[in-house]
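First up is the structure itself, then whatever we jot down about it.
Residue numbers start at 1 and run along the sequence shown.
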Amino acid sequence: MLKRVRWIGTGAVLGAGGSIWAQQALRRRVRRLRPDSLARRAVEGARTFGADVGGALGEGRQAMREREAELRARLGQPRS
């Protein structure tokens, strides 16, 4: 009899805890998907996009210069 009471109590506690966790998780997701939150994230993404593209282009150009210098050195050609 005590085993049943213990397992029923354990199940009730776990059920209540899971329910509270699920409710909080749902609230966080709803808050993240509200229009004002989506708009703010879109604006932040747009602001950082330009900097990211500029950085990627700069890194690509630098890698291109380094590779060209490496190839010219291998072929013994002077840098133009």
Side-chain angles (χ1 to χ4, degrees):
M1 182 71 176
L2 284 175
K3 284 185 179 180
R4 287 183 186 170
V5 171
R6 181 176 38 177
W7 285 112
I8 288 174
T10 302
V13 168
L14 290 175
S19 175
I20 291 170
W21 174 82
Q23 187 178 27
Q24 290 175 347
L26 182 63
R27 284 184 181 164
R28 281 192 298 267
R29 286 186 185 211
V30 166
R31 222 177 296 131
R32 250 191 3 222
L33 295 175
R34 287 177 41 201
D36 59 334
S37 177
L38 288 175
R40 187 176 340 101
R41 287 190 354 217
V43 167
E44 290 171 1
R47 286 181 181 157
T48 60
F49 180 74
D52 292 345
V53 169
L57 287 174
E59 287 180 24
R61 288 181 183 135
Q62 181 63 31
M64 178 185 66
R65 287 186 201 108
E66 290 172 2
R67 179 69 175 148
E68 181 182 4
E70 177 186 323
L71 292 173
R72 287 187 184 276
R74 188 180 302 174
L75 295 175
Q77 293 180 354
R79 188 161 190 200
S80 57

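- In the hydrophobic clustering (ILVMFWY side chains linked at under 4.5 Å, chained through shared members), Val30 is joined by Leu26.
- Every residue two or more places apart in sequence or in another chain was checked for a salt bridge (charged side-chain N to carboxylate O under 4.0 Å, His left out) with Arg32, and none qualifies.
- By the 4.5 Å side-chain criterion applied to Ile, Leu, Val, Met, Phe, Trp and Tyr, Leu33 is assigned to a cluster that also includes Leu38.
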Which donor-acceptor pairs under 3.5 Å do the side chains of residues 47-60 make with protein atoms, sequence neighbours left out?
from  : atom 1 : to    : atom 2 : distance (Å)
Thr48 : OG1    : Glu44 : O      : 3.3
Thr48 : OG1    : Gly45 : O      : 3.2

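- With sequence neighbours excluded, the residues that form a side chain to side chain donor-acceptor pair (under 3.5 Å) with Arg74 are Glu70.
- Every side-chain contact (heavy atoms from CB on, under 4.5 Å) that Glu66 has, sequence neighbours left out, goes to Gln62.
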Pair up each side-chain donor or acceptor in residues 14-25 with any protein partner under 3.5 Å, not counting sequence neighbours, and list the distances.
none

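- A salt bridge (Lys or Arg N to Asp or Glu O under 4.0 Å) check over residues 4-31, counting only residues at least two apart or in different chains, returns nothing.
- In the hydrophobic clustering (ILVMFWY side chains linked at under 4.5 Å, chained through shared members), Val5 stands by itself.
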